[in-house]
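Here's the structure we're looking at; comments come further down.
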Amino acid sequence: MAKPKLVILTGAGMSAESGISTFRDSGGLWEQYRVEDVATIEGYERNPELVINFYNERRRQLPTVKPCRGHELLAELERDYDVTIVTQNVDDLHERAGSTNIVHLHGELMKATSTLRPNDPSQIVTLAPDRMDIHMGDKAADGSQLRPFIVWFGEAVPNIERAAELAMQADIFVVIGTSLNVYPAAGLVQFVSHDAPIYLIDPKPVQWQTTHPHTVIQKGASEGVAELIELLKQQ
Ligand code: APR
């Protein structure tokens with residue numbers, strides 16, 4: 001008997017309890033930096049050094065944080081479900097918690113790539129924990145400036161087709177810690193079949209224009225996932 005397919009879309013709120021700040025909460029990253037300067041392809045072309053250093057700072061935080069209980073509970077769900085995590089997050093906390101099936105929609109902080117061909121697999125490298133800063137003058141395999149392997153606003157989201165496929169095949173769809181502000185990620189819920197239940201875990205009410213019936217668990221990620229597991233047992 002195949003395990004039910006559980007697809008989980010996570011956002012910055014999933015990592016909030018690990019100490020990584022979200023983007024749009026009060027005190028979030030977009031209150032400290034201008035998105036157009038550090039998270040758009042135009043910003044990178046205008047001032048690559050500023051953007052490279054912004055991601056160096058965020059990357060340096062990774063060794064100082066660890067997965068929260070919510071990340072760990074999601075990894076444990078793989079025992080009873082065929083789980084795929086589709087994350088907007090660029091941290092490696094789902095990996096470190098032990099999840100084995102992860103699709104990153106917006107890139108990965110611990111990877112770097114070519115400025116010329118950012119999505120060419122031959123250009124993508126994993127940064128070593130003891131040498132994780134990128135400097136101006138560092139080169140990708142094709143000789144162009146090494147850049148963060150991050151999907152910036154204005155760039156394509158190569159994994160969105162795969163994520164849509166997964167959403168279509170999901171028996172259960174869970175949304176954790178995302179304001180559903182950013183497309184195409186936020187549009188994934190439209191691919192979920194109407195006979196698949198959707199659960200939304202977030203401590204705050206999320207504005208969500210959807211006709212798809214869904215169960216709201218208005219809690220933080222760790223408590224919320226624990227409650228989700230109890231609800232799934234009653235399925
Ligand atoms: N547990 C769960 N959710 C939480 C928690 C928590 N402890 N704390 C906050 N949240 C929720 C907030 O209520 C909010 O709904 O997490 C969500 C965070 O929303 P955003 O800051 O907008 O983050 P996200 O939705 O992931 O942003 C999407 O925007 O800037 C881009 O590329 C960036 O991937 C990011 C994308």
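Here, residue 1 is the first one in the sequence, and each next residue gets the next number. Side-chain atoms are counted along with the backbone in the values below, which use heavy atoms only and exclude waters and symmetry mates. Just so you know, ligand 1 is whichever comes first in the structure, and atom 1 is the first atom listed for that ligand. Remember, it's a predicted structure, so these values are computed and weren't measured experimentally.
Below 4.0 Å from some heavy atom of G11 lie the following atoms of ligand 1, by number and element: 26 (O). For ligand 1, the atoms closer than 4.0 angstrom to any heavy atom of F153 are 30 (O), 31 (C). Residue D202 approaches ligand 1 through these ligand atoms, each under 4.0 Å from one of its heavy atoms: 11 (C), 12 (C), 13 (O), 14 (C), 15 (O), 16 (O), 17 (C). With ligand atoms numbered from 1 in the order given, ligand 1 contributes 21 (O) to contacts under 4.0 Å with heavy atoms of T22.
Checked for salt-bridge contact, D80 and K3 miss the test: no charged N lies under 4.0 Å from a carboxylate O. Taking a cutoff of 4.0 Å between a charged side-chain nitrogen and a carboxylate oxygen, K219 and D202 do not qualify as a salt bridge.
Geometrically, ligand 1 and F23 share a nitrogen or oxygen pair separated by less than 3.5 Å.
Scanning the protein for heavy atoms near atom 6 (C) of ligand 1, the closest one is G13 O, 3.4 Å. Nearest to atom 18 (C) of ligand 1 among the protein's heavy atoms is G177 O, 3.7 Å. What sits closest to atom 23 (O) of ligand 1 on the protein, heavy atoms only, is A12 CB, 3.5 Å. Scanning the protein heavy atoms around atom 25 (O) of ligand 1, the nearest turns out to be T178 OG1, 2.7 Å. Nearest non-hydrogen protein atom to atom 30 (O) of ligand 1 is W30 NE1, 2.9 Å.
Within the 4.0 Å heavy-atom cutoff, G28 does not count among the residues contacting ligand 1.
Considering only non-hydrogen atoms, atom 29 (O) of ligand 1 lies nearest to R24 out of Q88, E17, H106, R24. In this comparison of P205, S179, A221, the heavy atom closest to atom 22 (O) of ligand 1 sits on S179.
Inspection of the E31 and S26 side chains reveals no N or O donor paired with an N or O acceptor under 3.5 Å. Side chains of E57 and Q61: no donor on one and acceptor on the other come within 3.5 Å. In this model, no donor atom of one side chain and acceptor atom of the other lie less than 3.5 Å apart for H106 and E155.
As a member of the Ile/Leu/Val/Met/Phe/Trp/Tyr network built from side-chain separations under 4.5 Å, I124 groups with F149.
For F23, the ring pair (Phe, Tyr, Trp, His ring centres under 6.0 Å) partners two or more places apart in sequence, or in a different chain, are W30.
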